[in-house]
Amino acid sequence: MRNLIPHLDGRVILKHGRCQRLRARSRSGMKRTGKKTATDRNFVVALSRGLDVLRAFQPNDGLLGNQEIAARTNLPKPTVSRLTYTLTKLGYLTPVPRFEKYQLAPAAMSLGYAALANLGVRHLSEPFRDEVMRATGGAVAVGGRDRHSMIYFGQSRGSETLGVQLDVGSRVPIATSAMGRAYFWALDDEGRAEVSRILREHYGSRWPKMRDGLERSGETVAKYGFAISVGDWHDDIGAAGVALKLNDGTGPYAFNCGAPAFRFTEERLINDIGPRLLAMVRNIEAALGGLMPHSKKDISKKLKSGGKVARVAEGFR
């Protein structure tokens, strides 16, 4: 069974040519999973909606009004009005009466900074990220999942990467970015099924095309140990992504290294950027585990000894 990668909709991807079908969750089963959250007696809906309002604010937004927040959260405007009033009283939002809008207050930002401070992998990975950034000229970031996106919580960027306008707090999509794809294929079967459900509900009619690209990225991960994205998320960006799995139950997290696509071509991503990023993440894993970092020679051996490229089993398409 270890040679099989489940297809996102229940079919099978094989690594070494052995054909064996896995049972997948039915669509009705996935709907019941989503329904359970809504009927869970321990789930506080009001709290969830309040957090959705805070989540609506993005790094470059500045001010948002109740109508804009309602559009982003799919909540009724009267509900949003009560929530923004409450969050203002609690100190998480600051009203700007002149524009009848709100901005995040320091109390809300303190939650984010507290979270960043607790992410040891962000601090430990910084010198490793800086080294790869200098060697490749690409922006190197680490992120974790937030619903259907990956959110950056650490980044190393130099003067050569001005074309990549992303920073801490920025989001990239799971389905089409190198970071998101690496994260997705680091999950177990249950985790992939859950994320697939979330992505399908979010993208609707666009999901089949994105699903196909996500499946193909699984073949790349199986062959090389890293994912790539060249123009899939953004026409002008090429990137490689590698997942980091920790033994403490947190994560997985994922790293990427990206630059304008004319510099990070598919060939360079596969032959240079991807292997460098993979070596970096393995060295971070070693540092987190108190082990000696892997040498480039060790990483090269592991890449050469990898299995055959994954292929989709005939008959399940």
Approximate separation, where rounding is to 0.5 Å, of [X] [atom1] and [Y] [atom2]:
X	Y	atom1	atom2	result
Phe262	Arg268	CZ	CZ	10.5 Å
Leu187	Arg145	CG	CZ	7.5 Å
Lys209	Thr176	NZ	OG1	11.0 Å
Met210	Arg206	CE	CZ	5.0 Å
Arg263	Ile273	CZ	CD1	8.5 Å
Leu87	Thr94	CG	OG1	11.0 Å

Using atom types as modelled and distance alone, determine if a side-chain donor or acceptor of [X] lies under 3.5 Å from a backbone N or O of [Y].
X	Y	value
Trp207	Ser196	no
Arg129	Arg122	yes
Glu194	Gly191	no
Arg157	Ala139	no
Ser48	Val44	no
Asn271	Glu267	yes

**OP:** Could you tell me whether Phe255 and Phe128 have their ring centroids closer than 6.0 angstrom?
**Re:** no

**OP:** Step through the shown structure and confirm whether more than 12 heavy atoms of other residues, nucleotides or ligands are within 6.0 Å of CD on Gln67.
**Re:** no

Original post:
Any chance CZ of Phe57 has more than 12 other-residue heavy atoms, nucleotides or ligands included, within less than 6.0 Å?
Top reply: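 More than 12 heavy atoms, drawn from other residues, nucleotides or ligands, come within 6.0 Å of this atom.
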
Tell me the closest heavy-atom pair linking [X] and [Y], and the distance in Å.
X	Y	answer
Glu126	Ser156	O-OG, 4.1 Å
Ser229	Ala178	CB-N, 3.6 Å
Cys257	Thr136	SG-OG1, 3.5 Å

Subject >> Residue pair Arg147, His202: steps toward the side-chain contact (heavy atoms from CB on, under 4.5 Å) verdict >> reply: CA-CA 10 Å; Arg147 298 189 178 182; His202 176 71; over 6 Å; no

**OP:** Answer yes if the side chains of Ser149 and Arg171 hold a donor-acceptor pair under 3.5 Å, and no otherwise.
**Re:** no

Report yes if the side chains of [X] and [Y] come closer than 4.5 Å at any heavy-atom pair, otherwise no.
X	Y	result
Phe264	Asp272	no
Leu277	Phe226	no
Tyr102	Leu64	no
Leu75	Leu83	yes
Glu68	Leu63	no

Original post:
Considering the options Asn256, Asp232, Thr220, which one meets the side-chain hydrogen bond (donor to acceptor under 3.5 Å, both in side chains) requirement together with Arg181?
Top reply: Asp232

